[in-house]
Number of protein chains: 2
Amino acid sequence: MEVIPRKNIHDAAEGLRALAHDIRLSVLCHLLQGPMCVRELMEVTGASQSNLSQHLAKMRLMGVLVNEKRGQQVFYRIANPAFEQLIKALKAIYCPDNCR
Amino acid sequence: MEVIPRKNIHDAAEGLRALAHDIRLSVLCHLLQGPMCVRELMEVTGASQSNLSQHLAKMRLMGVLVNEKRGQQVFYRIANPAFEQLIKALKAIYCPDNCR
DNA sequence: TTGACGCATTATTATATTCTAATATAATTC
DNA sequence: GAATTATATTAGAATATAATAATGCGTCAA
């Protein structure tokens, strides 16, 4: 009946919390275009190294992102392609529709 | 280029915060089935009157819900039908897919 | 017009989140 | 192997969020 069953509400809310921050949401949006390393994410988000690293850690622990070390860099990507739909829905709500 | 433009990121993240709590997410899900009054929402969410009222106030201020007083009851409904897509996307991620 | 009901608001305390700064680690280059 | 680069981790202070309890306020019925 209800769209999200009671037993999944907690996980879903926790998932939302993993995205409910300017920096983390920005990271997710940029990663929709493909994997990026931390330094690149620093540039596009404007966050400090330490701060970004902590946000990335949270998103990793929450299962939103996965990472892979390549040489001395660490690349992050979105763990589940279904996040794209979530972002699209969010855009439909928060971007006055001829968004840009 | 990016799915949510920089200037809208803050509002979108704030919107996510408005939903990123068990009680608030539960409220939103139940309201997908139609408007409900506070007492009914108390029953379905299990929240205390005061606590629920505060969550409803937040969702109202954040533009997620609108309310309407009818006699001595206050009915709440979802402000924007586009939230349904958001919930569907969330379900796709957090409900192991033959959900229930 | 008093009492009960439905809801909102406020104050307080408890807890969680976020940021900055400092330090650590691992890979790379010289 | 010392310095440099890329990233992670920790500690601490600042701020935000959440819950409970108490009170307020409008509406209705008796």
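We name chains A, B, ... by the order of the sequence lines, and we start the count at 1 in each one.
Going from atom CG of A/L56 over to atom P of D/dT9 covers 11 Å, rounded to whole Å. In this structure, B/L65 places its CG atom 15 Å from C1' of C/dA8, rounding to the nearest Å. In this entry the distance linking CE of B/M59 with C1' of C/dA8 reads 17 Å, nearest Å. In this structure, B/N67 places its CG atom 7 Å from P of C/dA8, rounding to the nearest Å. Between the C1' atom of C/dC7 and the CD atom of B/Q73 lies a distance of 10 Å, rounded to the nearest Å. Rounded to an integer number of Å, the gap from B/K58 NZ to D/dA18 C1' is 8 Å. Residue B/M42 contributes atom CE, which lies 13 Å from atom P of D/dT20 at whole-angstrom precision. Between B/H10 atom NE2 and C/dT18 atom P the separation is 13 Å, expressed in whole Å.
Contact annotation: B/Y76 does not reach the phosphate of C/dG6 (side-chain N/O to OP1 or OP2, under 4.0 Å). At the phosphate of C/dT17, neither OP1 nor OP2 sits under 4.0 Å from any side-chain N or O atom of A/H55.
Listed by first then second residue, pairs satisfying salt bridge (charged side-chain N to carboxylate O under 4.0 Å, His left out) with a partner in residues 71-89 of chain A number zero, not counting sequence neighbours. Residues in residues 32-49 of chain B take part in these salt bridge (charged side-chain N to carboxylate O under 4.0 Å, His left out) pairs, two or more places apart or across chains: B/R39-B/E43. Counting only residues at least two apart or in different chains, ring-ring contact (aromatic ring centres under 6.0 Å, His included) contacts with residues 40-76 of chain A comprise A/H21-A/H55.
Screening A/L52, A/L19, A/I78 for a side chain to side chain contact (heavy atoms under 4.5 Å, CB included) with A/V27, the sole residue that qualifies is A/L52. Here the rule is side chain to side chain contact (heavy atoms under 4.5 Å, CB included) with B/L56, and of B/L41, B/V64, B/I23 only B/L41 fits it.
The two residues B/A20 and A/L16 have their closest heavy-atom pair at CB-CB, 3.8 Å. Of all heavy-atom pairs between A/I4 and B/C95, the closest is CG2-SG, 4.3 Å. Contact between A/L25 and B/A13 at its shortest, heavy atoms only, is CD2-N, 3.6 Å.
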Per-nucleotide protein contact string for nucleotides 25-30 of chain D, where B marks a base within reach and S marks sugar-phosphate only (heavy atoms under 4.0 Å, - for neither): -BBS--

Under 4.0 Å protein heavy-atom contact, by nucleotide of nucleotides 9-16 of chain C - B base, S sugar-phosphate only: BB------

Verdict with reasoning, B/I87 to B/C29, per side chain to side chain contact (heavy atoms under 4.5 Å, CB included): CA-CA 7 Å; B/I87 296 298; B/C29 286; 4.2 Å; yes

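For the segment residues 20-28 of chain A, residues with any heavy atom less than 4.0 angstrom from an atom of DNA chain C are, sorted by number, A/H21, A/R24.
Across C/dA8, D/dA19, C/dC7, the shortest atom-to-atom separation from the side chain of B/C37 is found for C/dC7.
A donor-acceptor distance shorter than 3.5 angstrom exists from the side chain of A/R24 to the backbone of A/R17, with no hydrogens or angles considered.
Once rounded to the nearest 0.5 Å, the distance linking CG of B/N8 with OH of A/Y94 reads 11.0 Å.
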